[in-house]
Amino acid sequence: MLADCESCFGLCCVALPFSASADFAVDKDAGQPCHNLRDDFRCSIHQRLRQRGFTGCTVFDCFGAGQKVSQVTFEGRSWREAPGTARQMYAVFPVMRQLHELLWYLAEALTVEAARPIHPSVAEVLEETERLTRESADVLEKLDVAAHRARVNELLLRTSELARAGHDGKERRGADLIGARLKGADLRAANLRGAYLIGADLRGADLRGADLIGADLRGADLSGADLTGAVFLTQAQVNAAKGTPATRLPAALTRPAHWTAEGPGEKRGNATRPSPAPPRRPRRRR
């Protein structure tokens, strides 16, 4: 469930659309190769993506779906080698990404000791999800992912409830906390599922055991925050945030290379760098 770009046909750079914004320097339609994609499926500006205005590329995580579609579903034949497969390959990739994201959450649920009573059910659905990822392209293209996600979500909700049981965590599911001043806040075992935390000041906040599934952490300042044991936090969410070496992350996640030694708003010498204004609230699909 970790991306292996060396084994992928650059699918995130071709199949997915993006619009010129703070995350992407240009517009690109779905199915149109990014102009930075080389013939060998490598990115020509990989080491300078942020400087060139492609921050969104450094945040995106396919959970290993790219190599699964490339090497398993289409048996190692790229859309360049077999142009007739391109349309279906591009259609299957987003479906596979959703399935692999669910696999990530289900695998994590099996590590939550408090959720042991439902581990058999979780393991059963995980096995079913894995089986779906190995279906043919024809089956995957027509798969009702929303229905399967709904079934998985019931187990993830129960896992979260069991993990946070006995703690008086705040209920902030889906809350609008864009730009919120939460420095040093006690958010232990809080329910922050789907919360908007874009540009929020979470410096030094205690997020131990919080449920962060689907929370939007773009530009959130996690400098010195403690996310130990946070439930359903992904690498993509961490990549989208800001942090420092003092930020404590769950063991399964990696500290992003772009995180600085000091976070926005922290002192550097005799000067203080202010945090940028948070971006406008994005539209969310319902």
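Just so it is clear, the structure is predicted and the values come from calculations on it, not from any experiment.
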Trainee: For residues 149-162, pull every pair meeting salt bridge (charged side-chain N to carboxylate O under 4.0 Å, His left out), keeping only residues two or more places apart or in separate chains.
Mentor: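 Counting only pairs at least two positions apart or across chains, the salt bridge (charged side-chain N to carboxylate O under 4.0 Å, His left out) contacts touching residues 149-162 are Glu101-Arg149, Glu128-Arg151, Arg158-Glu161.
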
Trainee: Spell out, as yes or no, whether a donor-acceptor pair under 3.5 Å connects the side chain of Thr159 to the backbone of Leu155.
Mentor: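 It does hold such a pair.
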
Trainee: Going by distance alone, is a donor N or O of one side chain under 3.5 Å from an acceptor N or O of the other, for Asp23 and Ser21?
Mentor: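 Their side chains do not contain a donor-acceptor pair, so the 3.5 Å distance test is not met.
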
Trainee: Do you know the tightest heavy-atom contact between Gly229 and Pro250?
Mentor: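 The pair with the smallest heavy-atom distance is N-CG, 4.5 Å.
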
Trainee: For Ala165, check side-chain contact (heavy atoms from CB on, under 4.5 Å) against everything at least two apart and list the hits.
Mentor: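 Scan of Ala165 (side-chain contact (heavy atoms from CB on, under 4.5 Å), adjacent residues dropped) gives none.
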
Trainee: Before accepting this row, confirm whether a basic side-chain N of the pair Arg87/Glu141 lies closer than 4.0 Å to the acidic partner's carboxylate O.
Mentor: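 Salt bridge present between Arg87 and Glu141.
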
Trainee: According to the salt bridge (charged side-chain N to carboxylate O under 4.0 Å, His left out) rule, which pairs have a member within residues 178-187, sequence neighbours left out?
Mentor: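 Every pair satisfying salt bridge (charged side-chain N to carboxylate O under 4.0 Å, His left out) with a residue in residues 178-187: Asp186-Arg188.
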
Trainee: Any chance you could lay out the salt bridge (Lys or Arg N to Asp or Glu O under 4.0 Å) test for Arg131 and Glu127, step after step, and finish with the verdict?
Mentor: CA-CA 6 Å; Arg131 178 186 61 76; Glu127 183 178 351; over 6 Å; no

Trainee: Tell me every residue that passes side-chain contact (heavy atoms from CB on, under 4.5 Å) with Asp40, counting only those two or more places apart in sequence or in another chain.
Mentor: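 Expected list: Arg38, Arg42.
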
Trainee: Please list, chain by chain and in numerical order, all residues satisfying ring pair (Phe, Tyr, Trp, His ring centres under 6.0 Å) with Phe93, sequence neighbours excluded.
Mentor: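 Phe93: no ring pair (Phe, Tyr, Trp, His ring centres under 6.0 Å) contacts found.
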
Trainee: Could I get the full list of ring pair (Phe, Tyr, Trp, His ring centres under 6.0 Å) partners for Phe232, not counting sequence neighbours?
Mentor: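 Here the qualifying residues are Tyr105.
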
Trainee: Closer than 3.5 angstrom, by distance alone: can the side chain of His119 be matched with the main-chain N or O of Ala109 as a donor-acceptor pair?
Mentor: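 It does hold such a pair.
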
Trainee: For Asp144, give me all partners under side-chain contact (heavy atoms from CB on, under 4.5 Å), at least two apart in sequence or on another chain.
Mentor: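 Ala146, Ala147.
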
Trainee: So, the side chain of Lys28 versus the backbone of Gln32: is there a donor-acceptor pair under 3.5 Å, distance only?
Mentor: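 Such a contact is found between Lys28 side chain and Gln32 backbone.
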
Trainee: If you define the side chain from C-beta out and look only at heavy atoms, does anything of Leu182 sit under 4.5 Å from Leu197?
Mentor: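 Answer yes - side chains close enough.
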
Trainee: Tell me, please, which residues at least two apart from Asp27 pass side chain to side chain donor-acceptor pair (under 3.5 Å).
Mentor: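 For Asp27 there are no side chain to side chain donor-acceptor pair (under 3.5 Å) partners, ignoring immediate neighbours.
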
Trainee: Quick check for you: to the nearest 0.5 Å, what is the distance between Asp211 atom CG and Arg164 atom CZ?
Mentor: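 Between atom CG of Asp211 and atom CZ of Arg164 there are 5.5 Å.
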
Trainee: I'd like to check the ring pair (Phe, Tyr, Trp, His ring centres under 6.0 Å) partners of Phe41; sequence neighbours left out, ordered by chain and number.
Mentor: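 Checked Phe41 against ring pair (Phe, Tyr, Trp, His ring centres under 6.0 Å); matches are Phe9, Trp79.
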
Trainee: Kindly say whether Leu2 contributes a backbone atom to a donor-acceptor pair with the side chain of His100 at under 3.5 angstrom?
Mentor: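 No, because the side chain of His100 does not come within donor-acceptor range (under 3.5 Å) of the backbone of Leu2.
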
Trainee: Does the Gln71 side chain pair with the main chain of Ser7, one donor and one acceptor, at a distance under 3.5 Å?
Mentor: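 Here the side-chain-to-backbone pair exists.
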
Trainee: Can you check whether Ser223's main-chain N or O pairs, donor with acceptor, with Trp259's side chain at less than 3.5 Å?
Mentor: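 Between the backbone of Ser223 and the side chain of Trp259 there is no qualifying donor-acceptor contact (under 3.5 Å).
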
Trainee: Sequence neighbours excluded, which residues qualify as side chain to side chain donor-acceptor pair (under 3.5 Å) partners of Thr228?
Mentor: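 Once residues adjacent in sequence are excluded, the partners of Thr228 under the side chain to side chain donor-acceptor pair (under 3.5 Å) criterion are Asp226.
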
Trainee: Say whether, by atom type as modelled, one donor and one acceptor occur between the side chain of Thr247 and the main chain of Leu222 under 3.5 angstrom.
Mentor: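 Answer holds: yes.
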
Trainee: For Thr254, check side-chain contact (heavy atoms from CB on, under 4.5 Å) against everything at least two apart and list the hits.
Mentor: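 Per chain and number, Thr254 pairs via side-chain contact (heavy atoms from CB on, under 4.5 Å) with Gln235.
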
Trainee: Return the set of residues passing ring pair (Phe, Tyr, Trp, His ring centres under 6.0 Å) with Phe54 (not counting sequence neighbours), or none when no residue passes.
Mentor: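 Ring pair (Phe, Tyr, Trp, His ring centres under 6.0 Å) list for Phe54, sorted by chain: empty.
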
